[in-house]
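Here's the structure, in structure tokens; my notes come after.
None of these values were measured; they are calculated from a predicted model. To find a chain, count down the sequence lines: A is the first, B the second, and so on, and within it residues start at 1.
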Amino acid sequence: MKNKIKSVKGTYDLLPSEIYKWQEVENKLRSIFSLYNFLEIRTPIFEKSKLFSRSVGEFTDIVNKEMYSFLDKGKESLTLRPELTASVVRSYIEHNFQQISSIHKIWYYGPLFRQEKPQAGRYRQFYQFGSEIFGSAYPESDVELIDLAYTIYTKLGLKNWTLYINTLGKKENRNKYIEILKESLFPYKDKMCANCKNRFDKNILRLFDCKNSNCKKIMNEYAPLIIDHLSNDEKDYFEEVKSLLDQLNINYEIDPTMVRGLDYYTNMIFEIRSENLGSQDALCGGGRYNNLVEDLGGKFTPAVGFAAGMERLMIAMEKENLFKNESEELDIYIAIMNKNVRNKAMQIVKEIRNNGHSVDMDLQRRSVKAMMREANKKRAKYSIVIGENELQSGEVNIKTMESGKAKTVKIDKINDFLSV
RNA sequence: GUGGUUGUAGCUCAGUUGGCAGAGCGCUUGGUUGUGGUCCAAGUGGUCGUGGGUUCAAGUCCCAUCAUCCACCCCA
């Protein structure tokens, strides 16, 4: 253990023996996104730092203390992306998406970086997938997005989770509500925990998140809920979202105290929480962000989006035993006897591969017994031993590993045999 | 950043009042010439996280440090 270099804190290797699980999930995600006609976007891993302070919010924890920022040679501050919506919106504006089409449905998948203390379901490099709809201010788009997230977890076979929704109202109205909230809570400010006191002025909505029992009690008793302070328009909007969800048989619960850690959300927000994760139980979260495109310098464009954590999903699926306990199968394993047949044998291997079958062969010059053990370990469907006898007769025995039975086939007919 | 947990073989873990570093699994080889899974046998594998200290003697006791996991926090 002395001089070994280890991976950076909060990062991990996805090993060859485990990767099939990720690939299985990734493939399903791709196919579901395409069912909903979302197209993929890939943006750079790093961006200018100000992109995130302007979108995510200067006073959020993400920007305040968790970003991996550095100066490049031109002394410009760059940051490893801590989330992806900002990058997607940047790209949307930069490439004038709104001129190409008035609506865009986009999905993404990739690694993000936040310098947090690692914990169950929380890493410093972690993967998220997510999607955004640009160009619709109607509840249909909120519901299509929620339906997409809902369908993903359903189709992956996950059982123990719940969808929560809430609404934050429009920005102007929310500011009015924040004033009311401040007024009603002010008499109790001194009785709250230090954290809440601090947030009272900076981001008072987060007081709903406090787990301190005393603060909770105060909030329960004296804090007005935003849902009771919506304008008629906002109420109607939220009602429409709910009735569309009902129409699609999407089960949800309303959590009137749910808020979001990123500043850009407006109106409808939602979260899906798993019941068999630890304290990091949010599988995905998102909502409407009608002002972000404009705030980042684009034309006003209403949008909704969500982001979902991959590691948490994998942990939850693992806990529900949703992965088969086996990696990929191999069509055929070829045991090569000695150097006299090596050239010809490798040529045969290449021909079978060219014909579209997966083939592995011995690379270690071991005994036939060892090669057969290898064939078994690699879960080959068939095995062939190639030695001088075979080359002389021009025939090989193709053994079906499961039954142990072998069939004699001419060497130039191997591909025909496999193709049946 | 604040608390707590755990660090012994590739993996999962034993290791008594301080007295020769262990098991199972895995991996390698063999069980008659060139055929796997089960079985049998042998073999491989560890500076006991790292650095100090106490002791005749430390995996075991003490101190420090690093890593890890969990919770707070935050969030996906």
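At the phosphate of B:A71, OP1 or OP2 sits under 4.0 Å from a side-chain N or O atom of A:Gln119. For A:Lys377, no side-chain nitrogen or oxygen approaches OP1 or OP2 of B:G37 to under 4.0 Å. For B:U35, the OP1/OP2 oxygens have no side-chain nitrogen or oxygen of A:Ser367 closer than 4.0 Å.
Between A:His104 and A:Tyr92, the angle of the ring planes goes over 60°, which puts this pair in the perpendicular group of the 30/60° scheme. Aromatic ring pairs are classed by plane angle as parallel below 30°, tilted from 30° to 60° and perpendicular above 60°; the pair A:Phe129 and A:Phe306 is perpendicular. Using the six-membered ring where Trp is involved, A:Tyr150 and A:Trp161 have ring planes that are perpendicular, over 60° apart on the 30 and 60° scheme. Ring planes of A:Tyr222 and A:Tyr188: parallel class, angle under 30° (limits at 30 and 60°). Below 30°, between 30° and 60°, or above 60°: for A:Trp22 and A:Tyr12 the angle between ring planes is between 30° and 60°, a tilted geometry.
For B:C27, the base has no donor-acceptor partner in the side chain of A:Arg373 [N/O atoms by modelled type, under 3.5 angstrom]. Taking 3.5 Å as the limit, the base of B:G36 and the side chain of A:Glu402 contain no donor-acceptor pair of atoms between them. Donor-acceptor pairing under 3.5 Å, judged by distance alone, is present between the side chain of A:Asn376 and the base of B:G36. Contact annotation: side chain of A:Lys369 to base of B:G31, donor-acceptor pair present below 3.5 Å. On a pure distance criterion of 3.5 Å, no polar donor-acceptor pair joins the side chain of A:Arg122 and the base of B:C69.
A salt bridge links A:Arg273 to A:Glu271: at least one charged side-chain nitrogen sits closer than 4.0 Å to a carboxylate oxygen.
Of the two residues near RNA chain B, A:Met310 and A:Ala370, the one whose nearest nucleotide lies more 5' is A:Ala370. Of the two residues near RNA chain B, A:Ala120 and A:Ser383, the one whose nearest nucleotide lies more 5' is A:Ser383.
When heavy atoms are screened at a 4.0 angstrom cut-off, A:Glu390 is found touching base atoms of the nucleic acid. In this structure, A:Glu66 reaches the sugar-phosphate backbone alone: every heavy-atom distance under 4.0 Å involves primed, P, OP1 or OP2 atoms, never a base. Within the 4.0 angstrom heavy-atom criterion, base atoms lie near A:Lys399. No contact: A:Gly286 has no heavy atom under 4.0 Å from any strand. Nucleic acid contact class of A:Arg366 (heavy atoms, under 4.0 Å, all strands): sugar-phosphate only. In this structure, A:Asn389 reaches the bases: a heavy-atom distance under 4.0 Å links it to at least one base atom across the strands shown. In this structure, A:Phe126 reaches the bases: a heavy-atom distance under 4.0 Å links it to at least one base atom across the strands shown. Base engagement by A:Gly121 is indicated by at least one non-hydrogen atom pair under 4.0 Å involving a base atom. Across all strands shown, A:Ala375 has no heavy atoms under 4.0 Å from either base or sugar-phosphate atoms.
Using Watson-Crick or G-U wobble geometry with both donor-acceptor distances under 3.5 Å, B:G22 finds its partner in B:C13. Under the Watson-Crick or G-U wobble criterion, with both distances below 3.5 Å, B:A64 is paired with B:U50. B:U38 makes up no base pair with any nucleotide shown, lacking Watson-Crick or G-U wobble contacts both under 3.5 Å.
Annotation for A:Arg365: atom CZ does not count as buried by contact number, only 12 or fewer foreign heavy atoms lying within 6.0 Å.
Between the P atoms of B:G18 and B:C70, the separation comes to 33 Å (whole Å). Distance check on atom P: B:G30 versus B:A14 gives 36 Å, rounded to whole Å. Rounded to whole Å, the separation between the P atoms of B:C39 and B:G34 comes to 25 Å. Of the P atoms belonging to B:U68 and B:U12, the separation is 15 Å, rounded to the nearest Å. For the P atoms, the distance from B:C40 to B:G24 is 12 Å, rounded to whole Å. Remark: the separation of the C1' atoms in B:A21 and B:G45 is 13 Å, to the nearest Å. Taking the P atoms as reference points, B:U50 lies 10 Å from B:A9, given to the whole Å. Comparing the same atom, C1', in B:G46 and in B:C62 gives a spacing of 25 Å after rounding to whole Å.
In this structure, CD of A:Glu132 is placed 13 Å from C1' of B:A76, rounded to the nearest angstrom. We find that CE of A:Met317 is positioned 16 Å from C1' of B:A76, with the value rounded to whole Å. Atom NZ in A:Lys117 sits about 11 Å away from atom P in B:C66, given to the nearest Å. Atom CD1 of A:Ile398 is separated from atom C1' of B:G34 by 17 Å (rounded to the nearest Å). Between the C1' atom of B:U35 and the CE atom of A:Met371 lies a distance of 11 Å, rounded to the nearest Å. Taking atom CG of residue A:Leu391 and atom P of nucleotide B:G34, one finds them 16 Å apart after rounding to whole Å. Put simply, CG on A:Asp362 is 14 Å from P on B:G34, counting in whole angstrom units. One interatomic measurement links the two molecules: CZ of A:Arg273 to P of B:C75, which rounds to 13 Å at whole-angstrom precision.
The listed nucleotides are B:A76, B:C73, B:A67; the one nearest the side chain of A:Gln280 is B:C73.
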Inset, instruction - List the steps and the verdict of side chain to side chain contact (heavy atoms under 4.5 Å, CB included) for A:Glu388 and A:Val341. - result: CA-CA 6 Å; A:Glu388 275 143 333; A:Val341 301; 4.0 Å; yes
